[in-house]
**Q** 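I have a structure I would like to understand better, so I am pasting it below and will then ask my questions one at a time.
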Amino acid sequence: MRKKLLLLFVLVLSFGTILAACGSDKKESAGGGGNGDKPYEIKWYTIGTPQKDTEKVFEEVNKYTKEKINATVKMTQIDWGDYEQKMQVIISSGEPFDLGFTSGGNYIQDAQKGAFVALDDLLETDGKELKEALDPALIEGARIDGKLYGIPSNKEAARQTVYTFNKRLVDKYNFDITQVKMLEDLEPMLKVIKENEPGVTPIATFKAFLPYDYVITGELPFAFPLEGDTDHVINFFETDLTMQTYTTMHKYYQAGYVKSDAATSKDNWPMDVENWFVRMGDSQPYADLLWTRSAKYDVVSVPAEEPTTYNSSVTGAIQAISTTSKNPQMVMKFLNLLNTDPYLRNLVDKGIEGVHYEKNDDGTIKDLPARVENYNLPTYSLGNHFILYLYEEDPADKWDTFKEFNERAKPAPTLGFHFDSDPVRAEIASISNVSKEFFPSLATGSVDPEEYLPKFNQKLKEAGLDKVMEEIQKQYDEWKNKK
């Protein structure tokens, strides 16, 4: 009898323990630990120089997210020069994390190798408001093989390359920059600057702009034309336009308008040093106001192309959910909140009101010293721009103008097509090595294109150019037929 009672007692205890464990598992799994007593902690890696006040700001963030979705966020910033390499180590090692900033080729490659969660279903369940807020072009361009693997920052979806000038020098010499449509139109102005401004380099080193839809990067030869036959990949280094452009750059180099070490220089020509006349870069509405604020002197720009929505312009800033996340559903809830809730979006971006910025009576804001010194995050990387507070010097129609800019942009031929380079990995590696040898010198005008472009193209062919182009065309045709 004692043995039977003892056995019964053990069985009851065991059964109770199992029930308790099951109850605990259910409590944790209801929302993956986010709807139980203990908030789910979202581990977030993002780009940017680590800031002194990040912990202080995220104490406030976590009060809010805990109340709203029963989650907290641990954001770790990795500095600009280290970010890509460190994130590849994190992803390759299988280290668990929930959310990470990614962009461009890294986003495509990491998604293709299974590092990120496909988000289409989660958007329908836990990101409905986010999906409604996103520009459809961003979603379309960020899809890979028909699936969305990250949430693009909702901002300008298009790219518009511009010539940007030091306005003081434009005004001093009464230059009419509205007449600048192409590289050759700069020549009279560059000559004046060279002859009269000894402390100024006429061209802040840039690689000559060529208007193509690049398949991988602008340093590799594969592109689709933006006009004419837009359905066939070409080697744009063989075109007359490329020869003409590089010839002009070489002429400028010989005239001393470009620094002699342009091909090898690592100098990124920061705008806050007023030692340049003209530079090129990607723009957005009212970009000159931002650049002027940053430079602390006036700059002014004119377009080098019409706004066009490229894969590169829609994948330039993405937040992706890692496949190592224990609760993708909760991470999507956070992304939904971050991109649709003005209080949270501005708290993460601008810091704490009264500490890092202050509001004016009209709802605009101005930075306080603590933001500049202790909490200056890269706005472009964090999410939806259209719910950010305007600065007091911003135009009242800023976000409406952004939306108009996106609406009038034309889609590039390959928008939504992402080339899988695995079948020709060896050839692309060889072609990349050839490009590193020739491209910087040609694109900065440092060598004569009449001599070096034919050599470049011959070596590209020897490295496997034709095989790669056949593979690109094959994949593009398959993608377009499915589309």
Side-chain angles (χ1 to χ4, degrees), residues 79-85 161-166 168-170 173 175 180 182-210 212 214 216-221 236-237 241-283 291 294-297 299 301 304 431-460 463:
D79 218 338
W80 299 93
D82 299 328
Y83 188 82
E84 289 186 3
Q85 182 179 357
T161 302
V162 296
Y163 295 100
T164 299
F165 300 85
N166 182 326
R168 178 182 65 81
L169 296 173
V170 170
Y173 295 102
F175 292 143
V180 176
M182 54 198 301
L183 189 64
E184 287 75 13
D185 298 330
L186 295 172
E187 186 170 13
M189 292 179 278
L190 298 175
K191 186 173 187 295
V192 169
I193 297 298
K194 176 67 176 175
E195 292 174 353
N196 295 280
E197 298 288 337
V200 173
T201 300
I203 295 178
T205 301
F206 60 69
K207 294 179 174 64
F209 169 70
L210 291 164
Y212 292 106
Y214 303 114
I216 303 175
T217 74
E219 297 189 11
L220 297 183
F236 68 89
F237 291 124
L241 177 60
T242 298
M243 176 62 82
Q244 174 190 326
T245 302
Y246 286 175
T247 298
T248 300
M249 282 299 294
H250 185 51
K251 181 180 180 181
Y252 290 170
Y253 180 86
Q254 290 179 310
Y257 303 155
V258 183
K259 282 184 69 176
S260 60
D261 64 347
T264 57
S265 174
K266 302 299 181 184
D267 188 348
N268 60 1
W269 290 87
M271 272 200 181
D272 58 2
V273 181
E274 197 180 354
N275 61 353
W276 58 279
F277 170 63
V278 64
R279 65 204 299 148
M280 294 195 81
D282 293 345
S283 184
W291 292 334
S294 173
K296 297 183 174 57
Y297 59 89
V299 302
S301 301
I431 288 167
S432 296
N433 288 333
V434 173
S435 183
K436 287 174 185 175
E437 179 185 351
F438 285 89
F439 177 79
S441 297
L442 283 163
T444 57
S446 304
V447 296
D448 183 355
E450 292 283 352
E451 178 183 355
Y452 281 88
L453 257 180
K455 292 179 181 178
F456 185 21
N457 284 314
Q458 180 59 38
K459 285 205 169 187
L460 288 173

**Q** Would you say Phe206 has more than 12 foreign heavy atoms packed within less than 6.0 Å of its CZ?
**A**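 Yes.
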
**Q** Using the test side-chain hydrogen bond (donor to acceptor under 3.5 Å, both in side chains), find all partners of Glu187 that sit at least two apart in sequence or belong to another chain.
**A**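 With neighbours one apart ignored, the set is Lys251.
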
**Q** Atom OG of Ser446 and atom CD of Gln254: how far apart are they, to the nearest 0.5 Å?
**A** 10.5 Å

**Q** Which heavy atom of Ala304 sits nearest a heavy atom of Tyr163, and at what distance?
**A**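 Looking at all heavy atoms of both residues, the closest pair is CB-CE1, 3.6 Å.
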
**Q** Do the non-hydrogen side-chain atoms of Glu184 and Gln244 ever get within less than 4.5 Å of each other?
**A** yes

**Q** Atom OH of Tyr257 and atom OG1 of Thr248: how far apart are they, to the nearest 0.5 Å?
**A** 12.0 Å

**Q** I'd like to know whether the aromatic ring centres of Phe237 and Tyr452 sit less than 6.0 Å apart in this structure.
**A**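 No, the ring of Phe237 stays outside the 6.0 Å limit from the ring of Tyr452, centre to centre.
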
**Q** Using modelled atom types only, decide if a donor and an acceptor are shared between the side chain of Asn457 and the backbone of Pro454 within a distance under 3.5 Å.
**A** no

**Q** Taking all heavy atoms of Asn196 and all of Pro198, pick out the closest pair and write down the distance.
**A** O-CD, 3.4 Å

**Q** Residues two or more places apart in sequence or in another chain: which of them pass side-chain hydrogen bond (donor to acceptor under 3.5 Å, both in side chains) with Glu451?
**A** Lys455

**Q** Might you point out which heavy atoms bring His250 and Pro449 nearest each other, and give the distance in Å?
**A**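 Shortest heavy-atom contact: CB-CD, 3.9 Å.
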
**Q** What heavy-atom pair brings Lys194 and Gly256 nearest, and what distance separates the two atoms?
**A**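 Between these two residues, the closest heavy atoms are NZ-O, 3.5 Å.
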
**Q** Could you pull out the closest heavy-atom pair between Met271 and Ala295, with the gap in Å?
**A** O-CB, 3.5 Å

**Q** Taking side-chain contact (heavy atoms from CB on, under 4.5 Å) as the criterion, tell me which of Asp448, Val447, Leu183, Leu210 meets it with Tyr246.
**A**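 For Tyr246, the side-chain contact (heavy atoms from CB on, under 4.5 Å) check succeeds only for Leu210.
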
**Q** Taking Ile203's backbone N and O only, do any of them form a donor-acceptor pair with Thr201's side chain (distance below 3.5 Å, no angle check)?
**A** no

**Q** Restricting to side-chain hydrogen bond (donor to acceptor under 3.5 Å, both in side chains), what partner residues turn up for Glu274, sequence neighbours left out?
**A** Asn166, Arg168

**Q** Does the distance from a Lys or Arg side-chain N to an Asp or Glu carboxylate O, for Glu437 and Lys459, drop under 4.0 Å?
**A**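 Yes, Glu437 and Lys459 are salt-bridged.
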
**Q** Verify, without hydrogens or angle tests, whether Thr247 (side chain) and Met243 (backbone) share a donor-acceptor contact under 3.5 angstrom.
**A** yes

**Q** Is a donor on one side and an acceptor on the other found under 3.5 Å between the side chain of Thr245 and the backbone of Leu241?
**A**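 Yes, because the side chain of Thr245 sits within donor-acceptor range (under 3.5 Å) of the backbone of Leu241.
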
**Q** Without hydrogens or angle criteria, can the side chains of Thr164 and Ser301 be said to hold a donor-acceptor pair below 3.5 Å?
**A** yes

**Q** Using the salt bridge (Lys or Arg N to Asp or Glu O under 4.0 Å) rule, collect all pairs that involve residues 195-206, keeping only residues at least two apart or in two chains.
**A** Lys172-Glu197, Lys191-Glu195

**Q** Hey, what do you get for CD1 (Ile193) to CE (Met189), rounding to the nearest 0.5 Å?
**A**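 Atom-to-atom, Ile193:CD1 and Met189:CE are 9.0 Å apart.
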
**Q** Of the non-hydrogen atoms in Pro221 and Ile431, which two are nearest, and what is the gap between them?
**A** CD-CG2, 3.8 Å

**Q** Who are the side-chain hydrogen bond (donor to acceptor under 3.5 Å, both in side chains) partners of Thr242, not counting sequence neighbours?
**A** Thr239

**Q** Tell me every residue that passes ring pair (Phe, Tyr, Trp, His ring centres under 6.0 Å) with Phe438, counting only those two or more places apart in sequence or in another chain.
**A** Phe456

**Q** Only one of Phe175, Phe277, Trp276 passes ring-ring contact (aromatic ring centres under 6.0 Å, His included) with Phe165; say which it is.
**A**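 One option only clears the test, and that one is Phe277.
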
**Q** Can you confirm whether Ser283 sits close enough to Thr161 that some side-chain heavy atom of one is under 4.5 Å from a side-chain heavy atom of the other?
**A**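 A side-chain contact under 4.5 Å is absent here.
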
